[in-house]
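Take a look at the structure below.
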Amino acid sequence: MTPEQLSTAIVDVLTTLSDEGALALPDGVPTNVTVERPRQKGHGDYATNVAMQLAKKAHTNPRALAELIATGLKGVDGVADVEIAGPGFLNITVEAGAQGVLAAEIVAAGAGYGHTNTLKGQRINVEFISANPTGPLHLGHTRWAVLGDAIGRVLSAAGAEVTREFYINDRGVQMNHFADSLIASATGQPKPEDGYAGAYIDELAAAVAAAAPGIFDLPEDERRTAVRAKGYELQLKEQQDQLAFFNTHFDVWFSELSLHDSGDGSGGVPDTLKRLKDLGHVYEEGGALWMRTTDFGDDKDRVLIKSDGELTYFASDTAYYLNKRARGFDRCLYLLGADHHGYVGRLKAMASCVGDDPAQTLDVLIGQLVKILRDGAELKLSKRAGTIVTLHELAEEIGVDALRYSLARYPADSPLTLDVAEITKASNDNPVYYVQYAHARTCRMLANAADLGMVLPTGDDFDPSQLSHQRDGELLRALAEFPRVVASSAELREPHRIARYLEDTASTFNKWYDTKECRMLPQGDDAVTSANLARMVLVVATQTVIRNGLGMLGVTAPERM
RNA sequence: GCGGCUGUAGCUCAGCUGGAUAGAGCAUCUGACUACGGAUCAGAAGGUCUGGGGUUCGAAUCCCUACAGCCGCGCCA
């Protein structure tokens, strides 16, 4: 009996009471009732506060209503006992057998356990990182790499059709500054103003020279174009390789420049500008072209074409949004750093200008910035000054799994401070190892079981009522939570809930493991009992949940450590 | 000045679409190694949930306010 089934059973009881006239609910019977694991032992296996929530509407008092529900619920198959406590809580105890069958269900579902259809039918575009291709990815991108990737995985698990997208800012003056910096490095000139510095520029300049011999000897006008193209190509490739190493994958690498190439009626910036004009949301002033975003709540209007004729980033952003919508996405997720939160207002206003309801089509997640301390002092990151802690360095120093996990276990809106010394030194204390260890432990136990000739029972060979110890029940109820955790994680776009859940579940498993009465393997020459076999199913179920959960965070589930 | 985020144990942080005695890890202290992998488990100690008001059966959670920290308010990218 899962919490979902219990919730349904309570709704059925309420419906019956309502039909019989024992209960009058003006707004009808709720379709969903909250069932949760109580924090306190002694409050049953599950608890619900439904009586307190409905009492006022039904013009009765909570305890009287609780009595009615309890009586009905006691007749439900699988429910062992119902108690009324405090102001009107219903504390429910479930029969061991009814609870134990879940273990076999999880094993049968395998890699699909935890997946739901709560977001079925939604086509979601998740855009994240979207860095300039003018340098390596750094600490500032690392959090988004982890969260964006995990959100993509979690949304998929909730049934959505997800496309993960990286928007390449390959257009704009920064690309010329990039080229000029490479040229300056190769020719021994001082770094240009507004240029990029750092060892990576020198290395990249050498790589450009190696890949295209003679490129720096071209005439000046050709040279810049050629170096820009080659440097871009190599730098983008490096970003892609490093993200692949970091286990972060994209479905689409979208070039900003491609939005400007078109102009043939297939979308892109020219068509976007025309459409905005037709909709009457643009005007000229001071030689510039503006979008009237203040009509939709923005603080000020925004420039699309500057008075010098150059297009702004915002013009590209608008065309890009329309491009996504034209590709059929119902929702566009943007993951932005806190330093871009001023963008939210104009993005939403822009969506309104083109006739969308941003509450339906746009989701902007603002994440707070990660600070990094070394020797107690904050490292200021600046690509142009060349002081960079790169994603790749971090990943190699701490390990991909540990770095991903330690970023994934915090919500995006909590500011994070990482101390370099601490995360490297304390890596053995990282909760990721605790969770991975629990998984490795299940693997060793099952290998031992195989050595003893134990075979995972199926059908009638599996006796769920053997899982009757208090610890069995605690573990089963923890495993039963997984689909709900995934669903809420997807709905709220908060993958850290999965990490916290896994830590809790791993802890429950370890406690179970240390309980003498719950041994899976027979001791000494003892024969294999049906209880041993039933617990074997429970171990496989636990392993399945941990593996699936870690997978949603892009973290591996090792068999040995 | 306006706006966003944050303020919970010594430290790092969960919990925030209102529920029962506010949780975890680390650090500290005490136990369990004739072990299904001890990277574990059992226990102790540790709190005016930043301050002040309000809403109600009930507030860390919602509203108002004050204070503190980080970030943002370009015809930059």
Side-chain angles (χ1 to χ4, degrees), chain A residues 34 36 38-40 42-43 47-49 52-53 55-56 61-62 85-89 91 132 134 169 171-175 177 194 256 285-290 299-314 316 337-345 366-369 371 384 406 409-419 422-423 426 428-438 440-449 452 488 491-492 496-497 499-501 503-504 506-507 509-516 518-523 532 535-536 539 560-561:
Chain A
T34 305
E36 55 187 14
R39 190 169 290 150
Q40 302 292 325
H43 287 168
T48 178
N49 60 359
M52 288 180 287
Q53 299 203 320
K56 194 175 282 183
N61 73 70
F89 288 100
N91 295 333
N132 290 339
T134 57
N169 292 133
R171 181 187 173 279
V173 297
Q174 86 277 3
M175 293 306 294
H177 293 150
D194 294 327
E256 179 190 0
E285 188 177 299
L289 189 72
W290 299 71
D299 318 340
K300 51 190 296 188
D301 290 338
R302 305 293 172 178
V303 172
L304 292 165
I305 305 179
K306 297 187 271 181
S307 53
D308 65 2
E310 280 294 316
L311 289 156
T312 62
Y313 252 52
F314 188 54
S316 295
D339 52 342
H340 285 89
H341 90 260
Y343 249 62
V344 179
I366 296 299
Q368 297 300 308
L369 304 178
K371 270 196 252 178
R384 296 201 173 171
S406 48
R409 70 190 291 271
Y410 299 105
D413 54 11
S414 85
L416 210 52
T417 304
L418 296 180
D419 189 306
E422 198 149 312
I423 50 182
N428 238 18
D429 298 325
N430 193 309
V432 70
Y433 296 114
Y434 184 81
V435 175
Q436 287 184 323
Y437 178 78
R441 181 175 251 178
T442 63
C443 293
R444 300 326 307 158
M445 291 170 75
L446 293 169
N448 292 342
L452 289 176
S488 71
E491 185 192 336
L492 300 169
H496 76 277
R497 289 167 183 273
R500 302 292 172 155
Y501 164 78
E503 290 164 28
D504 182 54
S507 168
F509 171 71
N510 282 331
K511 289 182 197 345
W512 175 84
Y513 172 89
D514 272 345
T515 304
K516 286 187 173 57
C518 295
R519 283 185 59 98
M520 182 193 83
L521 295 179
Q523 269 180 307
N532 293 139
R535 292 191 190 113
M536 195 174 170
V539 169
R560 295 169 181 275
M561 297 180 68

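Below, chain A is the first sequence line, B the second, and so on; all start at residue 1.
No side-chain heavy atom of A:Arg497 sits under 4.5 Å from any side-chain heavy atom of A:Arg500. When side chains are defined from C-beta on, A:Asn132 does not count as touching A:Met175, because their heavy atoms never get closer than 4.5 Å. For the pair A:Thr312/A:Lys306, a side-chain contact is recorded, criterion being any heavy-atom separation below 4.5 Å from C-beta on. At a threshold of 4.5 Å between non-hydrogen side-chain atoms, the residues A:Phe509 and A:Val435 do not count as touching.
Residue A:Lys511 places at least one side-chain N or O under 4.0 Å from the OP1 or OP2 atom of B:rA42. Between A:Tyr313 and B:rG74, a side-chain N or O to OP1/OP2 separation shorter than 4.0 Å is absent. Taking only side-chain nitrogens and oxygens, A:Thr515 never comes nearer than 4.0 Å to OP1 or OP2 of B:rC41. Checking the phosphate oxygens (OP1, OP2) of B:rC16, a side-chain nitrogen or oxygen of A:Arg497 falls inside 4.0 Å. Taking only side-chain nitrogens and oxygens, A:Tyr343 never comes nearer than 4.0 Å to OP1 or OP2 of B:rG74. When the side-chain nitrogen and oxygen atoms of A:Lys306 are compared with OP1 and OP2 of B:rC76, one or more of them lie within a distance under 4.0 Å. Between A:Arg500 and B:rA14, a side-chain N or O to OP1/OP2 separation shorter than 4.0 Å is absent. The phosphate of B:rC36 (OP1 or OP2) has no side-chain N or O of A:Lys516 nearer than 4.0 angstrom.
Residue A:Pro522 is classed as having no contact, given no heavy-atom separation below 4.0 Å to the nucleic acid. Residue contacts for A:Arg560: at a heavy-atom cut-off of 4.0 Å it reaches a base atom on one of the strands shown. Contacts of A:Val173 with the nucleic acid, taken as non-hydrogen atoms under 4.0 Å apart, involve only primed sugar atoms and P, OP1 or OP2. Residue-level contact check: A:Ala338 touches the backbone only, with heavy atoms under 4.0 Å from sugar-phosphate atoms and none from bases. Residue A:Glu285 is in base contact, counting any heavy-atom pair closer than 4.0 Å across all strands shown. Using a 4.0 Å heavy-atom criterion, one finds that A:Gly88 contacts no nucleic acid atom at all. Using a 4.0 Å heavy-atom distance criterion, A:Ala85 is classed as a base contact. Within the nucleic acid shown, A:Asn91 comes within 4.0 Å of at least one base atom, counting heavy atoms only. A:Tyr410 comes within 4.0 angstrom of sugar-phosphate atoms only, judged by non-hydrogen atoms across all strands, and of no base.
Nearest to the side chain of A:His496, among B:rU40, B:rC41, B:rA14, sits B:rA14. Residue A:Ala47 has its side chain nearest to B:rA20 when only B:rC41, B:rC71, B:rA20 are considered. Nearest to the side-chain atoms of A:His341 among the listed nucleotides B:rA22, B:rC41, B:rG4 stands B:rG4. When distances run from any side-chain atom of A:Arg519 to the nucleotides B:rG23, B:rC36, B:rU40, the shortest one goes to B:rC36. For A:Pro87, taking side-chain heavy atoms from C-beta onward, the closest of the listed nucleotides B:rC75, B:rG19, B:rC41 is B:rG19. Ranking B:rC41, B:rG38, B:rC71 by closeness to the A:Tyr437 side chain, first place goes to B:rG38. Here the nucleotide nearest the side chain of A:Met520, chosen from B:rU17, B:rU6, B:rC36, is B:rC36. With B:rU40, B:rA14, B:rC36 as the candidates, the nucleotide lying closest to the side chain of A:Asn448 is B:rC36. For A:Met445, whose side chain is taken as the heavy atoms from C-beta onward, the closest listed nucleotide among B:rC36, B:rA20, B:rC41 is B:rC36. Counting only heavy atoms from C-beta on, A:Gln368 has its side chain closest to B:rC70 among B:rG23, B:rC70, B:rG38.
Under the Watson-Crick or G-U wobble criterion, with both distances below 3.5 Å, B:rC29 is paired with B:rG43.
Under 3.5 Å, the side chain of A:Asp504 and the base of B:rA14 form no donor-acceptor pair of N or O atoms. The base of B:rG19 lies close enough to the side chain of A:Asn49 for a donor and an acceptor atom to sit less than 3.5 Å apart. A:His340 contributes no side-chain N or O that forms a donor-acceptor pair with the base of B:rG72 under 3.5 Å. In the interface, the side chain of A:Ser307 is paired with the base of B:rC75 through a donor and an acceptor atom under 3.5 Å apart.
When only modelled atom types and interatomic distance are considered, A:Thr515 and A:Lys511 share no side-chain donor-acceptor pair under 3.5 Å.
Positionally, the nearest nucleotide of RNA chain B for A:Gln53 lies more toward the 5' end than for the other of A:Gln53 and A:Arg441. Between A:Asp308 and A:Thr48, it is A:Thr48 whose nearest contact on RNA chain B lies nearer the 5' terminus.
If you take NE2 of A:His177 and P of B:rC76, they are 12 Å apart, rounded to a whole angstrom. The nearest whole Å value for the distance from the CG atom in A:Leu311 to the C1' atom in B:rC75 is 12 Å.
Here the side chain of A:Asp413 pairs no donor or acceptor atom with the backbone of A:Gly367 at under 3.5 angstrom.
The side-chain tip of A:Arg519 does not point at the ring of A:Tyr513 from less than 6.0 angstrom away and within 45° of straight on.
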(request) Apply side chain to side chain contact (heavy atoms under 4.5 Å, CB included) to A:Glu310 and A:Val173, showing your working. (result) CA-CA 10 Å; A:Glu310 280 294 316; A:Val173 297; 5.7 Å; no
